[in-house]
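What you see is a predicted model; the values in this text were computed from it and never measured. Values below: every heavy atom of this structure, side chains too, minus hydrogens, waters and symmetry copies.
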Amino acid sequence: DEAKNRRQLQTQLKRRRNCHFCCFIQKCICVCGVSLSVNLSMQTEDEDGEENLMENPYSVKLEFVDDPNFKNKVNYSYSAVQIPTDIYKGSPVILNELNWTQALERVFIDNRREDSSLRWQVFGSSTGVTRYYPATPWRAPNKIDLYDVRRRPWYIQGASSPKDMIIIVDVSGSVSGLTLKLMKSSVMQMLDTLSDDDYVNVARFNEKADAVVPCFKTLVQATMRNKKIFKESIMNMQAKGTTDYKSGFQFAFEQLLNDTGAPRAGCNKMIMMFTDGGEDRAQDIFEKYNWPNKTIRVFTFSVGQHNYDVTPLQWIACANKGFYYEIPSIGAIRINTQEYLDVLGRPMVLAGPKAKLVQWTNVYQDALGLGLVITGTMPVFNLTADANSQLVLGVMGVDVAINEIKRKTPTYRLGANGYTYAIDKNGYLLLHPNLQPKIINFREPVTLDFLDAELEDSKKEEVKTPLCTQSAPLLGSWLFPDNLPLSVADFESLLPNSFESEGHVFIAPREYCNELELSNNNTDFLLNFIALMEKVTPDSKQCDNLLLHNLILDTGIIRQLVEKVWKTKDLTTYGFLAVFAATDGGITRVFPNKAAETWEEDPEPFNASYYRRSLDNKGYIFRAPYLNDELLNPENDTIGILVSTAVEITVGGKTIKPAVVGVKLDLEAWVDKFKILASNQTSPTSDNRQCGPTSGCEMDCDANSEDLLCYLVDDGGFLIMSNQKDYWNKIGMFFSEVDPYLMHALYNNSFYNRKQSFDYQSVCDPVPSSNTGAAPRGVFVVRTTARPLMGAAIFVDEVEAEGMDSRETSCVTIQTQFYFTNINSSYDILQDCGNCSRLIHAKRLNNTNLLFVVAEKMPCNTCELEKLSQAETEFKDDNPSCEDMSAARYRKGPTVCYDYNLAVRLTTERTTQHLCTQTLE
């Protein structure tokens, strides 16, 4: 019977030539005309490689291939469709949507043939259907797929012009219990339909009206931080008093019409009223503020299940070019709080072709795993003759990956500490080294302000404003010599068989040629590079000739350094574990070869901290090994101190720094040298002397090591060296963790200053679920940023983590960084702790980043001093001032607005009245 049914089905499908197969999630539907003919299912493979067969026996299996450009498995022959869980997939509206959007599949395929660099091509429908190409299995970030394209940043920005919105919430005594909860949830969902291009304020009303956030005296930008503040205040609303619509509407109109000089969207103006019902129509308020032009739309929402007459609410909406909606239960919130976008999109439709402009979104996380992207969007209109159907059908979008933009920038021509960046009209970063959000599948756009990604500097504010107003990006040009001398011997020095005699070579993983295969393993990458060089010449058109020539040229120069200098020295005599050189051409050579086994520096010199710090500072830069969770073990490990300096060359009167050279010191050997240098002895063979009050050797770090603490501390306050062997396992620790009293004395006597930096993209401790214990800790990553101006994107949002009962949260973290002041002289300090005191001698060492400190051991532990900390912690400003909360940064307003076109006023009013009449009936 099953085989017979299958044959009959195939025969029917052959006869129905107008059928269209529309795939969504893991299902396919065949739609013939407007009727549902047959259900099919698509076979895919789950993460374990096993086939995921649907219960329906009539299945269509699609083959997917890995594509690194999409970071996903894709099928180029089909598009796919996603529909949110809370939308019924069998409704006639959805089936019709699946039917007519099928024609886009051929368009998508043709687009890719014309331009293979295209990434996701997406159509987001106003009904919630998402059709994307190429097809890939949809994987929801949570167990329940609540992805709705109409709430994605790119759809919101493309479906309507910017908005000025006032939300007024009825909090009279009749609004209580479940109705109040529904109302709070509805208002918060309404806030989620706003983007950074919009401005909003929220007020509660009963007999009188006031803002839910007292500090927000006027409309504020709908940033993530501001929406979070609104939501916290909304959750604290309480119901009491009687209902007076007039008080709420008067507050709203005065907010929208009064020009306070504060920033506004300057386009669509609207009022959203949430109430459980009432009899007043507040007609005199509308006559005073909104009629006859009706430039402010009014939308009304009846919340909860009740027996009130809703006719006044319907009249208010229809009399002010708005719409009326009902939210009887929690299931209706998501749909009905976003339907208003259809009304706002209508002026764009009536404006015709001139409204079909490409808009670029903020940076956001791609839902299909492409990483950070920006999207070019364009609205799609229904231009049929029926005026009632002339609405926005949806939004078309094409993604551009941020990583692909980075590859087009002149990264390696700007030097190790140079970088490119781009910002949008809101001042948010599109491209920047510090744009590194930590949470994947984040629902909101990544809104990091340019000023928050940089150390605080008044000049950057001056730079930001003109950049926001540019109609085209500012590009600089740099000229470099094309003819560089090359040698076969230089290239041969890259071969691994030369490492034993000439030192190990690390090559920066750059895209020297189009066909060069990148690898995380540097040895593999080097072999790939050598294999490619055997096929192409350095002057090949498929290669970046400048990068390639510099690489080979630097290889030859460093090879000569090995032959003429490094090989002629006995490193052990000097207490060196290794010598090294790194160049801007991308070559790092470490000698001898065995030292590469413990070499942990980044093979890309531009990313290595020693390289960048050496270029920024004069003299020798000392750096202790990085500490992991465990302390160093001097008994089993050889501890190396990295010392580096930049090579300066003067060419044509200009000084350039093409390379950094350095050594790795053996800590044990150099502590002996350090004690000699910090004593009255001239050599290790000198006789030891007993120190006394009159012997002149009170500060002798060698002879008096039992009573004296001698340290070398770097410019960041980290321990580099000590005469106390017990402290060797603390090398690399922040000095306050080694000797908190001494570090406090150095800070208190102005040897160090401190500066706070903030990371607006951190991940903090997960919030444990109510039925779980302690949750796994989040990951902290620090970036050097500016102080937290309250106009910045300070926010906390939650994302469900796969396989976890808890939620990891994005947050703002703060870290205190210490640095040298301008003190260069030596100082003697008396540290008084009440019951005891001690002498301290401190001196900056010339031409280094070191501070030499000698101190007597503290005879008591009674000092009650602040322990200085460098550790990162979560930043919480529980009581920000109103001045900080309402502070607004410069934002460029919209260049085009489609809100109320007088030329189409009659058509709009006639259509709105028709729709309202249908509702009333």
Side-chain angles (χ1 to χ4, degrees), residues 412 415-416 484-510 512 516 519-530 533 538 547-572 574-615 620-621 623 625 638 640-649 656-666:
Y412 305 111
L484 298 172
L486 300 176
S487 165
V488 175
D490 296 339
F491 174 73
E492 290 178 346
S493 67
L494 288 174
L495 301 177
N497 58 18
S498 68
F499 288 177
E500 195 60 41
S501 60
E502 298 184 1
H504 194 100
V505 172
F506 295 92
I507 179 174
R510 303 174 182 176
Y512 300 99
L516 178 57
S519 174
N520 292 328
N521 184 294
N522 198 260
T523 301
D524 292 342
F525 178 68
L526 180 59
L527 294 176
N528 295 340
F529 176 81
I530 293 171
M533 289 298 98
L547 281 183
L548 202 52
H549 282 226
N550 281 345
L551 176 74
I552 299 175
L553 178 63
D554 288 356
T555 301
I557 295 174
I558 301 302
R559 183 175 62 87
Q560 295 179 40
L561 180 63
V562 176
E563 297 291 340
K564 297 181 179 180
V565 181
W566 292 354
K567 285 186 177 181
T568 64
K569 306 294 183 180
D570 182 4
L571 302 185
T572 306
Y574 294 93
F576 295 162
L577 297 174
V579 290
F580 64 90
T583 73
D584 60 2
I587 286 292
T588 301
R589 190 179 289 272
V590 180
F591 183 87
N593 185 41
K594 66 178 182 180
E597 297 175 1
T598 57
W599 186 258
E600 298 179 349
E601 307 305 319
D602 197 310
E604 170 56 77
F606 286 9
N607 294 337
S609 63
Y610 76 87
Y611 190 92
R612 301 176 66 177
R613 291 183 66 194
S614 297
L615 294 184
Y620 297 96
I621 303 301
R623 201 208 69 198
T638 301
I641 305 296
L642 215 63
V643 186
S644 59
T645 187
V647 176
E648 293 189 3
I649 300 176
I656 59 175
K657 298 179 180 181
V660 169
V661 296
V663 298
K664 199 171 190 180
L665 305 180
D666 183 346

Problem set entry | Pro605 and Val660, any side-chain heavy atoms less than 4.5 Å apart | no
Exercise. From Arg612 CZ over to Asn607 CG, what is the distance, rounded to the nearest 0.5 angstrom?
Worked result: 7.0 Å
Problem set entry | Derivation and outcome, ring-ring contact (aromatic ring centres under 6.0 Å, His included), residues Tyr610 and Phe580 | CA-CA 12 Å; Tyr610 76 87; Phe580 64 90; 5.3 Å; yes
For this session: Could you tell me which non-hydrogen atom of Tyr620 sits nearest to which non-hydrogen atom of Val643, and how far apart they are?
Result: CB-CG1, 4.0 Å
Problem set entry | Nearest heavy-atom neighbours spanning Thr568 and Val565 | OG1-O, 2.6 Å
For this session: Apply side-chain contact (heavy atoms from CB on, under 4.5 Å) to the pair Asn550 and Tyr512, showing each step before the final yes or no.
Result: CA-CA 11 Å; Asn550 281 345; Tyr512 300 99; over 6 Å; no
Problem set entry | Glu601/Arg623 ion pair, N-O < 4.0 Å | yes
Exercise. Does the side chain of Leu571 come within less than 4.5 Å of Pro592's, by heavy atoms?
Worked result: yes
For this session: Determine whether Pro496 and Leu527 make a side-chain contact, defined as any pair of heavy atoms from C-beta on separated by less than 4.5 Å.
Result: yes
Exercise. About how many Å separate CG of Leu665 and CZ of Phe576, when rounded to the nearest 0.5 Å?
Worked result: 6.0 Å
Seminar exercise, completed: Shortest non-hydrogen pair, Asn522 vs Pro603, comes out as ND2-CB, 3.4 Å
Exercise. What residues form a side chain to side chain donor-acceptor pair (under 3.5 Å) with Glu500, not counting sequence neighbours?
Worked result: Asn593
For this session: Give, for atom CZ of Arg589 and atom CZ of Arg559, the distance between the pair rounded to the nearest 0.5 Å.
Result: 8.5 Å
For this session: Would you confirm whether Asp554, through its side chain, and Gly585, through its main-chain N or O, come within 3.5 Å as a donor-acceptor pair?
Result: yes
Exercise. More than 12 foreign heavy atoms under 6.0 Å from CG of Asn521: is that the case here?
Worked result: yes
Exercise. Is the backbone N or O of Ser501 less than 3.5 Å from a side-chain atom of Lys567, with the two atoms forming a donor-acceptor pair by type?
Worked result: yes
For this session: Would you check if Tyr611 and Asp602 make a side-chain contact, meaning some heavy-atom pair closer than 4.5 Å?
Result: no
Problem set entry | side chain to side chain donor-acceptor pair (under 3.5 Å) partners for Thr598, two or more places apart | none
Exercise. Taking side chain as C-beta onward, heavy atoms only, is Phe591 less than 4.5 Å from Leu561?
Worked result: no
Problem set entry | Side chains of Asp584 and Phe606 in contact at under 4.5 Å (non-hydrogen atoms) | yes
For this session: Give, for atom CG of Leu526 and atom NE2 of His504, the distance between the pair rounded to the nearest 0.5 Å.
Result: 7.5 Å
Exercise. If you measure from CH2 on Trp566 to CD1 on Ile558, what distance do you get to the nearest 0.5 Å?
Worked result: 6.0 Å
Exercise. Could you state the interatomic distance from CG (Asn528) to CD1 (Ile507), rounded to the nearest 0.5 Å?
Worked result: 10.0 Å
Problem set entry | Expected output: side-chain Arg613 to main-chain Ser644 donor-acceptor under 3.5 Å | no
For this session: List the atom of Ala508, the atom of Glu604, and the distance in Å for their closest heavy-atom pair.
Result: CB-OE1, 3.4 Å
Exercise. Is there a donor-acceptor pair closer than 3.5 Å between any side-chain N or O of Lys657 and the backbone N or O of Leu615?
Worked result: yes
Problem set entry | Test side-chain contact (heavy atoms from CB on, under 4.5 Å) applied to Leu551 and Leu547, step by step | CA-CA 6 Å; Leu551 176 74; Leu547 281 183; over 6 Å; no
